[in-house]
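Below is one structure, written out as structure tokens; comments come after it.
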Amino acid sequence: MTHPLFTKHEATLTQALAAIATRGYWSPFAEMPSPKVYGETANSDGEAAFKAHLNQTFALDQPSTGETVGNERSPFGFALGIRYPKADVDALLDASATAQRQWRAAGPAAWAGVSLEILSRLNKASFEIGYSVMHTTGQAFMMAFQAGGPHAQDRALEAVAYAWDQLHRIPASAYWEKPQGKNPPLAMHKQFTVVPRGTGLVLGCCTFPTWNGYPGMFADLATGNTVVVKPHPGAILPLAVTVRIARDVLREAGFDPNVVTLLATEGNDGPLVQDLALRPEIKIIDFTGSTQNGNWLERNAHQAQVYTEKAGVNQIVIDSVDNIKAVASNIAFSLALYSGQMCTAPQNIYVPRDGIRTSEGQMSFDDVANALAAAVEKLISDPARAVELTGAIQNDGVMGRIAEARQLGEVLTDSQSLAHPVFSDAQVRSPLMLKLDVHTDAANFTREWFGPISFVIATDSTAQSLELAGSIAAEHGALTFSVYSTDDAVVEAAYDAAIRGGVALSINLTSGVFVNQTAAYSDFHGTGANPAANAALSDAAFVANRFRVVQSRVHVAPKIAPPVVSQTA
């Protein structure tokens, strides 16, 4: 049976299904904050909505203890002062289980329709969410708006499309007839019921709370599961706004709003999260964060289907180039974007110690390293412009890593404090780049240095560079891998290294596409084929194990059973 909200958004879903099949460019959500698209007052209204949350208690009508929690601080230099209802975990899980009964019975069309309506309303709230992302993560506003709003919504819709694509393959009923020679055929009527796993737990991160949180959240909803959203204590607001909107849609559609709930915390919530992750009620977990915590979930939360995105060592191999300035400019942008606080940001840059070929002749290792450093320094030469690219540092752990990394080798360009023209107390740092050697520094460059930290590493050859890239990705994990070469044989060898390492490959990026950006409906974010992630955003594997199928069958007289009925009709 269809649902009014499914009918309302069916055209969008149809286009999303076509997009994931063709892998071309498509998006229903405008990525630029254009007044023509979002309305003349959308920016000011969104900023006002964000400011209205400050120093207030965030209202959510869900089970709570009556107490409040919250200690978020903007990386741009001020406390948000927002308090959130403190959840009683037992009551919250009981409420989720109660809501599950009605939600499960609603069926795939309702799950998809409600999910799509939530996304439609989230898109209208993109400015409120954008400012919320900006002041919890430290992203500059344009990035916060795009990555936290439309791009996150794209990733959510992608998950809904994959869920629908898998669900519609399962008929609600079927007539089965097996010939028996001269005897009457065996005939059965069979029914197939999609059974969601139960309650999903979405563990948010502090750098991309919506972009990384939405895929799991909407994959759960679109496959009939309820969701407990547990944000990082430093980035609650973007997901709190999301939960509020989701609950409004559910309530208006006649469902128990506790299909989606928020578990806000403050301080060191590790013990609470570990206890929660092992609860028998939790059947699905989506996690983005450290390798240590992700590995713990994979090894211990056996009652749940666990999807993780963890740390990795992202790498660039430079073999030969036509235009070193274009290459250096592209790499510098990738290093500076959000101060390297991205799981896709490059870290290791391998250059043969004998140098590289260019269109203007041979270029020494030192000249390549200096060209990269000069491109970074040019990018940050105007601090007022640079801060719109770098954003602010999200947490003190990044600052500590910058100080530690500075001691590892020869500094090519040092990390500097940049003055923000609007937020004088913002913690802004330019990229740090050092020179290392493959023979003496492997212990340092084979670990992730999350933040604005990169290494230009002298190798014996391009072949060694590619071998390193593949083996480090396979052993330590990586989400991105990039190669620069004018030699087809080297590019082919890079493909082989990427396959060995289970990592996405980018080739000769020199213009407006950067290695740390991925496009929904087209790029698979992560592969699940190396330790950096055990799943991809998104593919069929990301959604198909969030539900099971229970069947019943009964003997019937031949040729009189009801016709096949679609599960998603």
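Any value given below was found using the heavy atoms of this structure, including those in side chains, with hydrogens, waters and symmetry copies removed.
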Are any non-hydrogen side-chain atoms of M134 and M142 less than 4.5 angstrom apart?
-> no

Minimum heavy-atom distance between I402 and S415, given as atom pair plus value | CG2-CB, 3.8 Å

Sidechain-backbone polar pair: N370 side chain, D366 backbone, donor-acceptor under 3.5 Å = yes

Between S27 and D154, a side-chain donor and acceptor under 3.5 Å = yes

Grab the two heavy atoms, one from F481 and one from A494, that are nearest each other, plus how far apart they are.
-> CE2-O, 3.6 Å

Side chain proximity check, D61 to R247, heavy atoms < 4.5 angstrom = yes

Whether D396 side chain and M399 backbone form a donor-acceptor pair below 3.5 Å = no

Just checking, is any N or O donor in the side chain of T68 or T57 under 3.5 Å from an acceptor N or O on the other one?
-> no

What one should report as the nearest heavy-atom pair of A371 and M363 is CB-CE, 4.1 Å

Aromatic rings F141 and F127: how do their planes relate, parallel, tilted or perpendicular, breaks at 30° and 60°?
-> parallel

Determine, stepwise, if the pair R83 / E266 fulfils salt bridge (Lys or Arg N to Asp or Glu O under 4.0 Å).
-> CA-CA 10 Å; R83 304 291 292 178; E266 64 184 15; 3.2 Å; yes

Compare every heavy atom of P383 with every heavy atom of A419, then report the nearest pair and how far apart it is.
-> O-CB, 4.0 Å

Could you point out which residue of V515, T518, I316 forms a side-chain contact (heavy atoms from CB on, under 4.5 Å) with T480?
-> V515

Are R299 and W296 in a cation-pi setup, meaning NZ or CZ lies under 6.0 angstrom from the ring centre and within 45 degrees of the ring axis?
-> no

Between OH on residue Y307 and CG on residue L537, distance to nearest 0.5 Å = 11.0 Å

Plane angle bin for F78 and H135 - parallel if under 30°, tilted between 30 and 60°, otherwise perpendicular = tilted

To the nearest 0.5 angstrom, please state how far the CD1 atom of I380 sits from the CG atom of L335.
-> 11.5 Å

Among V376, I331, V411, find the one that has a side-chain contact (heavy atoms from CB on, under 4.5 Å) with M433.
-> V376

Under the 3.5 angstrom rule, does the side chain of N395 hit a backbone N or O of V398 as a donor-acceptor pair?
-> yes

Taking the side chain as every heavy atom from C-beta outward, state whether L276 and L263 have any atom pair closer than 4.5 Å.
-> yes

Could you check R155 against Y521 for side chain to side chain contact (heavy atoms under 4.5 Å, CB included), going step by step and ending with a plain yes or no?
-> CA-CA 8 Å; R155 282 297 185 192; Y521 318 109; over 6 Å; no

Can you find a pair of side-chain heavy atoms, one from L389 and one from L337, that are under 4.5 Å apart?
-> yes

Taking atom types as modelled and ignoring hydrogens, do the side chains of Q153 and T210 form a donor-acceptor contact shorter than 3.5 angstrom?
-> no

Could you give me the CA-CA distance, side-chain angles and deciding distance for Y338 and F208, then say whether ring pair (Phe, Tyr, Trp, His ring centres under 6.0 Å) is met?
-> CA-CA 11 Å; Y338 186 32; F208 288 88; 5.6 Å; yes

Gap separating the CE atom of M217 from the CG atom of L239, nearest 0.5 angstrom = 8.0 Å

All heavy atoms of L434 vs all of A405, minimum pair found to be CD2-O, 3.4 Å

Going through the checks in order, is the side-chain hydrogen bond (donor to acceptor under 3.5 Å, both in side chains) test met by T344 and Q517?
-> CA-CA 7 Å; T344 52; Q517 297 173 321; over 6 Å; no

Verdict with supporting geometry, L221 and I118, side chain to side chain contact (heavy atoms under 4.5 Å, CB included) | CA-CA 11 Å; L221 288 176; I118 294 170; 4.2 Å; yes

From CA spacing to verdict: side-chain hydrogen bond (donor to acceptor under 3.5 Å, both in side chains), T137, T207 | CA-CA 5 Å; T137 69; T207 49; over 6 Å; no

Considering only heavy atoms from C-beta outward, does the side chain of N348 approach that of V313 to under 4.5 Å?
-> yes

Can we say E404 and R401 salt-bridge, meaning some charged N sits less than 4.0 Å from an Asp/Glu carboxylate O?
-> no

Considering only heavy atoms from C-beta outward, does the side chain of Y131 approach that of F145 to under 4.5 Å?
-> no

Check whether any side-chain heavy atom of T510 sits under 4.5 Å from a side-chain heavy atom of N323, and report yes or no.
-> no

Hey, does the side chain of Y350 reach the backbone of V438 with a donor-acceptor pair shorter than 3.5 angstrom?
-> no

Could you tell me the separation between the NZ atom of K310 and the SG atom of C205, rounded to the nearest 0.5 Å?
-> 15.0 Å

Nearest non-hydrogen partners of S334 and N516, listed with the distance | O-ND2, 2.9 Å

Using atom types as modelled and distance alone, determine if a side-chain donor or acceptor of T527 lies under 3.5 Å from a backbone N or O of G502.
-> yes

Side chains of D45 and T41: is there a donor and an acceptor less than 3.5 Å apart?
-> yes

Determine, stepwise, if the pair E309 / T288 fulfils side-chain hydrogen bond (donor to acceptor under 3.5 Å, both in side chains).
-> CA-CA 5 Å; E309 181 185 310; T288 302; 4.8 Å; no

Given side chains that start at C-beta, do those of L412 and V456 come closer than 4.5 Å, heavy atoms only?
-> yes

Determine yes or no for a side-chain-to-main-chain donor-acceptor pair under 3.5 angstrom, with N314 supplying the side chain and A345 the backbone.
-> yes

State the CG-CG distance between D319 and L466, to the nearest 0.5 angstrom.
-> 7.5 Å

C343/H525 under side chain to side chain contact (heavy atoms under 4.5 Å, CB included): CA gap, chis, key distance, verdict = CA-CA 10 Å; C343 58; H525 175 74; 3.8 Å; yes

Taken to the nearest 0.5 Å, the spacing of N444 CG from L436 CG works out to 6.5 Å

Just say parallel, tilted or perpendicular for the rings of F423 and F76, cut-offs at 30° and 60°.
-> tilted

Thinking salt bridges, do E128 and R244 make one under a 4.0 Å N-O criterion?
-> yes

Is E158 reaching over with its side chain to a backbone N or O of A520, donor-acceptor style, under 3.5 angstrom?
-> no

Should the ring pair F58 and Y84 be called parallel, tilted or perpendicular, given that the plane angle runs from 0 to 90° and is split at 30 and 60?
-> tilted

Modelled atom types, side-chain donor and acceptor of S120 and N123, under 3.5 Å | no

Look at D248 together with R121 and state whether they make a salt bridge at an N to O cut-off of under 4.0 Å.
-> no

Q394 side chain to T136 backbone, donor-acceptor under 3.5 Å | yes

Side chain N530, main chain A478, donor-acceptor under 3.5 Å | yes

Donor-acceptor pair, side chain of T65 and main chain of E67, under 3.5 angstrom | yes

Trace of the side-chain hydrogen bond (donor to acceptor under 3.5 Å, both in side chains) decision for T390 with R385 | CA-CA 9 Å; T390 65; R385 294 179 60 186; over 6 Å; no

